[in-house]
There are 2 protein chains.
Amino acid sequence: MSITTLGYALLTLLVRKPLSGYDLARAMKNPIGFFWQARHSQIYPELARLEELGLVTAETIAQRDRPDKKLYTITLDGQAVLAQWITEPAKPASERNELLLKTYSLWLADPEKAIKLFQDQKELHQQQLAQYEQILTEYPQATPLSPDSPDFGSYATLLRGLSYERGYITWCHWILTQLESYVDDKRSQNEPPHEHKYSD
Amino acid sequence: MSITTLGYALLTLLVRKPLSGYDLARAMKNPIGFFWQARHSQIYPELARLEELGLVTAETIAQRDRPDKKLYTITLDGQAVLAQWITEPAKPASERNELLLKTYSLWLADPEKAIKLFQDQKELHQQQLAQYEQILTEYPQATPLSPDSPDFGSYATLLRGLSYERGYITWCHWILTQLESYVDDKRSQNEPPHEHKYSD
DNA sequence: AGACTCATGTAACCAGTTACATGATTGC
DNA sequence: GCAATCATGTAACTGGTTACATGAGTCT
C-alpha cells in the first residue's frame, strides 16, 4: 500500500493547517483545483489510508448545530514524506484537452458553429482569468515573497494560472479572427482576405 | 455502448487517411500526443468498438517481409458523427499537474534540490518547444491557412503548443531566479536582495 | 415546503496504465 | 546473438467519476 498523488495533495493542504475531509474537498476545488482535482468520494478513503500509514492523525470534533467532523492533522512522519516527495523528479503532466482535439478537425465543422464554440470557450477562460486576477489583488505589491514562506507556493501557482489563461484566451481569439475573416470572405468573394497575425 | 473521447480522437486521424492500429498508436504519440494520449492496449479494443458501431471498416492487408495489418477506414456515418461532435460544447480540461502541486509546497523543500527540480523541468519543456519550433518551420510562411483545410487544425494546435511551452518555460525561469536569489542572499547576508520581475 | 450548506461515507462503473503474450524481419 | 521495428491483441490493476445513502440545521 503506497501513497498516491492525491495523498500528497492532501498532505500539501494539511501541512498548512489541520482540516476535515469536508474542508479538504472544498480546498481541492478552490485553491488546488487548477492543478489537481478530486471529489469527496475519493478523498475520504484516501484520508483513511493516510491515517493507516501514520502520516495523519484524526480527531473527532463535536459541534453544536452541525454534524460532528473529523479533524485531520499531519504527523512529523507525514511532513517528512511530503518534503522528500517535493524534490523528486515530477512526472510530465499528461495533457488531455478536448478542445484541441476538436480544433484538429475544425475543417469539418460548420464555421458559424465553430465560432460559437470558441466564443464560449474564450469566455470560460476569461472568467477563470478574472478570478485569478481577483486573487492576485490580495497579494501585497512590491513585497517579494520568500521561497521559504507557504505563500510563495500559492503565489507561484497563481502566476502560472494567470499565464496559462492569458495564453489560452489569446489563442482562442486568434482562432476566432481566422474563422470570422473566413466567413466574411465567403460572403463577399470579391474582396481580398484580411491579415491577422498571431503572437503570444 | 456509446462513443468515448478516444473514439473521436481515432476518427480525427482516420478522417484524414486510412490507418492501421499500429499507425494510429504512433499518431497518438506524435502529432496528437500534446493534447490526447493513448496506448495501443486502449486503441485496439476501441477500434473494434468503432467497427461494431459502423463508424469505421477494417480491411486486412497482407504484406511481404512484414506481419499482416488491418487498415481502418472511416465510413460516411463516422464522418457525420465526428463532424457533429466537433461543434458540441467541449468539456473543460481537468488539469492534473504534479509540478504545480510540488510548487505549492516548495517552502518545505531544500532550495538546492528545488533548483535542480525546476532546471530539469525547464529543460524538458525547452526540448518540447524546440520540437514544436522544428515542426513550425515545415509550414509555409506568409500563406495563411484556411479554416476549411485539414492543415489549419494541425497548425492551430501547434500554435497552442508553442504558446503553452513558452509560458511554462518563462514561469520555470522566474521560479529559478527567485530560488537562486534566495540562496545567494542566504550565503551573503549583508547584501540587499535582488529584484526579479515576472511577466509572461 | 423546498433548496442549500455541513458532514461522511460506500458502490458501481469507466478510462487509462502496466504487464503479459506472440512472432517475423532488419540492422548492428 | 541482441536489440529494434512492425504488428495485434488480452488481463490485471489503479485512479477517478457518477450515483447512492443518510441526516441535521438554516435560509427563503
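Letters go in sequence order (proteins before strands), and every chain restarts at 1.
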Quiz item: Picking from C:dT10, D:dT8, C:dT17, which would you name as closest to the side chain of B:Y22?
Solution: D:dT8
Exercise. Among the candidates D:dT8, C:dC6, C:dT8, find the nucleotide nearest to the side-chain atoms of A:H40.
Key: C:dT8
Practice problem: Please work out if A:R66 contacts a base, only the sugar-phosphate, or nothing of the nucleic acid, heavy-atom cut-off 4.0 Å. | Solution: sugar-phosphate
Exercise. Pick base, sugar-phosphate or nothing for B:Q63, based on heavy-atom distances below 4.0 Å to the nucleic acid.
Key: sugar-phosphate
Self-check item: Side chain B:K102, main chain A:E88, donor-acceptor under 3.5 Å
Solution: yes
Practice problem: State whether a side-chain donor-acceptor pair under 3.5 Å links A:T12 with B:S105. | Solution: yes
Quiz item: Is the number of heavy atoms from other residues, nucleotides or ligands under 6.0 Å of B:E133 CD greater than 12?
Solution: yes
Exercise. Using the closest heavy atom to pick a nucleotide of DNA chain D for each, name whichever of A:P67 or A:T4 lands nearer the 5' end.
Key: A:T4
Practice problem: Tell me which of B:Y72 and A:T5 sits closer to the 5' end of DNA chain D, going by the nucleotide each one is nearest to. | Solution: B:Y72
Quiz item: Is there a side-chain polar atom (N or O) of B:R26 under 4.0 Å from OP1 or OP2 of D:dA7?
Solution: no
Exercise. Please figure out whether B:S2 or A:G21 has its closest DNA chain C nucleotide nearer the 5' end.
Key: A:G21
Practice problem: Would you indicate whether the side-chain heavy atoms of A:D23 and A:K69 approach each other to under 4.5 Å? | Solution: yes
